[in-house]
Student: 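Quick one: this structure, given as structure tokens, is what I'll be asking you about.
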Amino acid sequence: NAGFMAYNVLAGGMLTGKYGLAPGDGVAPAAVDDGDRARAKRYAEAPRGRMDTRGWGLTLGRYRTTAMRSAAAQYTKLAKEYGIKGGP
């Protein structure tokens, strides 16, 4: 069900462009996943959203799985193709 999946991805912020979907896409990943500790600390102190907080961020791992990132990247590609704003 694409509508359900898109809603859940949006709930986690993955289609908002706040968080990187893949290495090298130019957007930092959620602070709880970021290997760049200085950047992660910066985002933890001034969160872009729930994924950057330790409380919520650690509970929202389902939005950051490989399958979900792939689906989010595909949604983003479709949105760009059809001129829908949002996403990185």
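Being a predicted model, the structure only gives us computed values, none of them experimental.
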Student: Examine L58 and W56 and state if one hydrophobic cluster contains both, with Ile, Leu, Val, Met, Phe, Trp and Tyr joined whenever side-chain heavy atoms are less than 4.5 Å apart.
Tutor: no
Student: Do any N or O atoms from the side chain of D33 and from the backbone of A30 form a donor-acceptor pair under 3.5 angstrom?
Tutor: no
Student: Judged by atom type as modelled, is there a donor-acceptor pair below 3.5 Å linking the side chain of S70 to the main-chain atoms of A67?
Tutor: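 Such a contact is absent between S70 side chain and A67 backbone.
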Student: Using only atom types and a distance under 3.5 Å, with no angle test, would you say the side chain of R42 pairs donor to acceptor with the backbone of P47?
Tutor: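 Flag not set: sc R42 to bb P47 has no pair under 3.5 Å.
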Student: Return the set of residues passing side-chain hydrogen bond (donor to acceptor under 3.5 Å, both in side chains) with D36 (not counting sequence neighbours), or none when no residue passes.
Tutor: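 With sequence neighbours excluded, D36 shows a side-chain hydrogen bond (donor to acceptor under 3.5 Å, both in side chains) to no residue whatsoever.
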Student: Is the NZ or CZ atom of R64 positioned over Y19's six-membered ring, under 6.0 angstrom from the centre and within 45° of the axis?
Tutor: no
Student: Which atoms form the tightest heavy-atom contact between V32 and M51, and what is the distance?
Tutor: CG2-O, 3.8 Å
Student: Once salt bridge (charged side-chain N to carboxylate O under 4.0 Å, His left out) is applied, do any residues pair with K77, and if so which ones, sequence neighbours excluded?
Tutor: none
Student: To the nearest 0.5 angstrom, please state how far the OG1 atom of T53 sits from the CD atom of E45.
Tutor: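 If I round to the nearest 0.5 Å, the distance is 13.5 Å.
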Student: For R39 and P29, which heavy atoms make the closest approach, and how far apart are they?
Tutor: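 Smallest interatomic distance, heavy atoms only, reads NH2-CD, 3.7 Å.
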Student: If you measure from CD on Q74 to CG on L21, what distance do you get to the nearest 0.5 Å?
Tutor: 11.0 Å
Student: Apply side-chain contact (heavy atoms from CB on, under 4.5 Å) to residues T65 and M68 and explain how you reach the verdict.
Tutor: CA-CA 5 Å; T65 66; M68 194 58 104; 3.3 Å; yes
Student: Taking the side chain as everything from C-beta on, heavy atoms only, tell me whether L78 gets closer than 4.5 Å to K80.
Tutor: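 No, every pair of side-chain atoms sits at 4.5 Å or beyond.
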Student: So, does D52 use its side chain to make a donor-acceptor pair with the main chain of A31 at under 3.5 Å?
Tutor: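 Between the backbone of A31 and the side chain of D52 there is a qualifying donor-acceptor contact (under 3.5 Å).
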